[in-house]
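First comes the structure, then the notes that go with it.
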Amino acid sequence: MTKLEMLYEGKAKKVYKTEVEDRYIVAYKDDATAFNGVKKGTIAEKGVVNNKMSALLFKLLEEKGIPTHFEKLLSDREMLVKAVKILPLEVIIRNVVAGSLAKRLGLEEGAVLKNTVLEFCYKNDELGDPMVNEDHILAVGLSTEDQLQTVRKYALKINEILCPFFLERGLKLIDFKLEFGIHEGKVILADEISPDTCRLWDAATNKKMDKDRFRRDLGDVEETYQEVLARL
Ligand code: UDP
């Protein structure tokens, strides 16, 4: 497979057409942004970590029955994926209070949630990805009812698979963000699963092992990304 025309360049990835109509190549960059693009920087070798980690987790999820866009790793920074039309939704799953939830509800980071929380945001940079509920999603047609129920079911099952997987490797999955796309009329998992999109805390010490080290200038950013990949 070869990279042809670049279709899209996002904050952390580039997407290319290939000679096959419904296959794209995703190339992971070292660029890092936070707070809707206000903070910018680079994290050396992040692209390699996020590419390899996403590949490993997509493979695991496929084995457990979740359809994903992942086809195969092509190089350190590139993977071949199924072409999808991305649903304009960020699906956030929370096991422990952190980040914007702590702020919104005035809770301590690390507080236990009595149940898993699933949130949706409308993927729209200009609006700052506002939170929406299922009525909003259906009222403005961000997805169909069927797609929405499938997204919910997959997101919760992914959480059930990933929590024990990370815990066996000394990491607590605090919260994470997923994106889904439509391929051949079906909902499949797309985008990435990486320290950019998950909060992971060391199971023994609660050390933050994710993008919060960059967002909050906690230091050891590169080393932490490498450590997460090594543990997997
Ligand atoms: N997240 C993400 N992209 C976004 C917003 C959030 O990957 O545009 C992830 C984030 O890394 C965390 C989870 O979703 O694992 C929940 O994020 P939160 O709503 O707390 O927002 P944050 O405080 O990270 O902006």
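Whatever order the structure lists ligands and atoms in, that order sets their numbers, starting from 1. The structure presented is a predicted model; accordingly, all values stated were derived computationally and were not measured. Residue indices begin at 1 and follow the sequence shown.
Contact annotation: for Arg94 versus ligand 1, heavy atoms closer than 4.0 Å belong to the side chain alone. Residue contacts with ligand 1, taken as heavy atom pairs separated by less than 4.0 Å, involve Arg215 solely via side-chain atoms from C-beta onward. Within the 4.0 Å heavy-atom criterion, neither part of Lys103 lies near ligand 1. Counting heavy atoms under 4.0 Å from ligand 1, residue Asp196 touches it through the backbone alone.
In this structure, the side chain to side chain contact (heavy atoms under 4.5 Å, CB included) partners of Lys52, at least two apart in sequence or on a different chain, are Val48, Asp76, Leu229.
Under a 4.0 Å criterion applied to the non-hydrogen atoms of Gly99, ligand 1 contributes the atoms 20 (O), 23 (O). Which parts of ligand 1 touch Arg199 is read off a 4.0 Å heavy-atom cut-off, strictly below it: atoms 12 (C), 15 (O), 16 (C), 17 (O), 18 (P), 20 (O), 22 (P), 23 (O), 24 (O). For ligand 1 and Asp175, the ligand atoms under 4.0 Å from any heavy atom of the residue are 12 (C), 13 (C), 15 (O), 16 (C). Ligand-side atoms of ligand 1 in range of Glu90: 4 (C), 5 (C), 8 (O), range being under 4.0 angstrom from any heavy atom.
Using a 4.0 Å cut-off between charged nitrogen and carboxylate oxygen, Asp196 and Lys177 do not count as a salt-bridge pair. Using a cut-off of 4.0 Å between Lys/Arg side-chain N and Asp/Glu carboxylate O, Arg231 and Glu227 are scored as salt-bridged.
Inside a 4.0 Å radius of atom 18 (P) of ligand 1 there is at least one protein heavy atom.
A distance-only check finds a donor-acceptor pair linking the side chain of Arg213 to the backbone of Lys208 [under 3.5 Å]. In this structure a side-chain-to-backbone donor-acceptor pair under 3.5 Å is present from Asp202 to Thr205.
The nearest protein atom to atom 7 (O) of ligand 1, hydrogens excluded, is given as Lys177 CE, 3.2 Å; this is a heavy-atom distance. Of the protein's heavy atoms, Ile92 CD1, 4.4 Å lies nearest to atom 6 (C) of ligand 1.
Looking at heavy atoms from C-beta onward, Leu167 lies in side-chain contact with Lys172 at the 4.5 angstrom threshold. Two residues are said to be in side-chain contact when any heavy atoms from C-beta on lie closer than 4.5 Å; Leu232 and Phe165 meet this criterion.
The closest heavy-atom contact to atom 20 (O) of ligand 1, among the options Ala12, Ser100, Ala34, Pro195, comes from Ser100.
Between Phe58 and His69, the distance separating the two ring centers is shorter than 6.0 angstrom.
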